[in-house]
Protein chains: 2
Amino acid sequence: MSEAIEVNSSPATLNKKELARQKSQAQILDAAETLFASHGYDGASMNAIATEAKVPKANVLYYFKSKDNLYEAVLERILSNWNLGLIDISVDDDPALSLYRYIHLKVRLACEQPQQSRLFATEVIRGAPYLADYIRQNTRPWFRKKVAVLQAWIDAGKITQVDPSHLLFMIWSSTQYYADYQTEILILQNKLEYEESDIEAITRSTAQLILGGLGLKLPESI
Amino acid sequence: MSEAIEVNSSPATLNKKELARQKSQAQILDAAETLFASHGYDGASMNAIATEAKVPKANVLYYFKSKDNLYEAVLERILSNWNLGLIDISVDDDPALSLYRYIHLKVRLACEQPQQSRLFATEVIRGAPYLADYIRQNTRPWFRKKVAVLQAWIDAGKITQVDPSHLLFMIWSSTQYYADYQTEILILQNKLEYEESDIEAITRSTAQLILGGLGLKLPESI
DNA sequence: AAGGGTTTTGACCTTCTGGTCAATAATTTA
DNA sequence: TAAATTATTGACCAGAAGGTCAAAACCCTT
């Protein structure tokens, strides 16, 4: 991924120009995220994004030199947002509790920010043209560390013997599913939208199945 | 010449026109499926589809009146293909065995026909503009029957008490994930493609976790 | 062999695409 | 205040989009 649009973060220079720039950029990024997520890269036109952001199209191209560039900026914002709330698991942690927390976090993210998850999904489905490098250089090392942690838990007899990679994939899939397939899920359950109680119910059921499969019980103190 | 033979020969009138039509249509549908899956609805142009199918663009529009129509035809072919291989579960079945078989089938479908799964995914992510009706009228009744079966198993004490809907979602997600996120999974595992042995390994791990979460063991006779 | 219907195809149409640019307006700096 | 920067925006461009059409090629019937 090439360089992002620079975001001037020095709080000292809070003149009107900086304010306008940040406001416009945020508006544009929000609009782009919405439209890229719902219509895909090609389905979201610069015109539609500009209209949604309530700025002229030429203004969008003034801040983000090209559509590619804008798309990259949206992806980067999503990834940095995801990394912020990331919960880590490590060898000495209690498996049941830390896995439960990780699942809870992922479910909440999926239900509360489904757009971001969906945009990520469409990017990967297309073959990850923009994210392949990121995954190789950032996600893979992280993934391998977590696999090692899970393997250590298995070796210590803390959880049932199971392929750690597939365990991680199962956690990712079963949580992300509620974002990506939201439309189908809501139709099947005859609902209009997720409620706060759904997040808890989904977390509980998902954690129950996965932890159960690992020979663990749901942690009592939540 | 051979009029008497061809008229009543078989359910398919096998004259040259019919053959050409079926061959062309199949070529076009194949090409459209490939391109819709990899580039999305808007990303796949009629021109590209025609080139991939090795027919002139006007020919594509002769058989399928519009892009919308072609897209619908592709979706319908996928759904009918999926319904063909569908394994049903019913109350009197053995939970472990029938769930294992269902998971196995889903994993194989995901690994061997990832395109179809991905196209379905992008359609649902976009809000299922074409499939919402189908899901409401076909999938939902089927879904509720299966939920009832699972609930019956729970009531009979055959499986652990868990929300049946979420159980079904977990099976769908954890299998479909290997198609939709194939790119990411292959990068993380440093592989080029799935092998036959992967299908077995994925099935085993997935089934082990889900069945374990239900208080069941992997069936020994597979 | 002739006629009627279907299939094939290149040329063409309109609309929309991402992107450019020069003129103008606003703000900061000197 | 004047000069220099930076931001805003309508007009515009070449190319690609989905779709139309009529002439030609093809096949089947009679």
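Throughout, a chain's letter reflects where its sequence line sits, starting with A, and its residues are numbered from 1.
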Can you tell me which residue pairs pass the side chain to side chain donor-acceptor pair (under 3.5 Å) test with a partner in residues 74-87 of chain B, sequence neighbours excluded?
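Pairs touching residues 74-87 of chain B that pass the test: B/Asp30-B/Arg77, B/Glu33-B/Arg77, B/Asn81-B/Gln116, B/Trp82-B/Gln116, B/Asn83-B/Tyr134.
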Under 6.0 Å from the NE2 atom of A/His39, do we count more than 12 heavy atoms belonging to anything else shown?
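No.
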Hey, is CG on B/Leu84 packed in by over 12 heavy atoms from elsewhere, all under 6.0 Å?
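Counting other residues, nucleotides and ligands, CG of B/Leu84 exceeds 12 neighbours.
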Mind running a 4.0 Å heavy-atom check of residues 34-53 of chain A against DNA chain D and sending the residues that fall below it, in number order?
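Nothing qualifies; none.
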Would you call the rings of A/Tyr177 and A/Tyr181 parallel, tilted or perpendicular, taking 30° and 60° as the class edges?
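The arrangement is parallel - the two ring planes meet at less than 30°.
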How are the rings of B/Tyr41 and B/Tyr71 set to each other: parallel, tilted or perpendicular (split at 30° and 60°)?
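Perpendicular: the ring planes of B/Tyr41 and B/Tyr71 meet at over 60°.
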Starting at [atom1] of [X] and ending at [atom2] of [N], how long is that distance when rounded to a whole Å?
X	N	atom1	atom2	value
B/Asp68	D/dA17	CG	C1'	14 Å
A/Phe64	C/dT20	CZ	P	16 Å
B/Tyr63	D/dG19	OH	C1'	18 Å
B/Lys65	D/dT20	NZ	P	11 Å
A/Leu70	C/dT17	CG	P	15 Å
A/Lys23	D/dT8	NZ	P	10 Å
B/Lys67	C/dC16	NZ	P	15 Å

Produce the list of close N/O pairs, under 3.5 Å, pairing protein atoms with atoms of nucleotides 9-14 of chain C; give distances to one decimal.
none

Tell me whether the OP1 or OP2 atom of C/dT6 has a side-chain N or O from B/Arg21 closer than 4.0 Å.
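Checking C/dT6 against B/Arg21, no side-chain N or O comes under 4.0 Å of OP1 or OP2.
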State plainly whether the residues B/Lys146 and B/Asp88 are in salt-bridge range, i.e. N to O under 4.0 Å.
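Looking at B/Lys146 and B/Asp88, the cut-off is met.
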For [X], give me all partners under salt bridge (charged side-chain N to carboxylate O under 4.0 Å, His left out), at least two apart in sequence or on another chain.
X	answer
B/Asp93	none
A/Glu123	A/Arg126
B/Asp198	B/Lys191

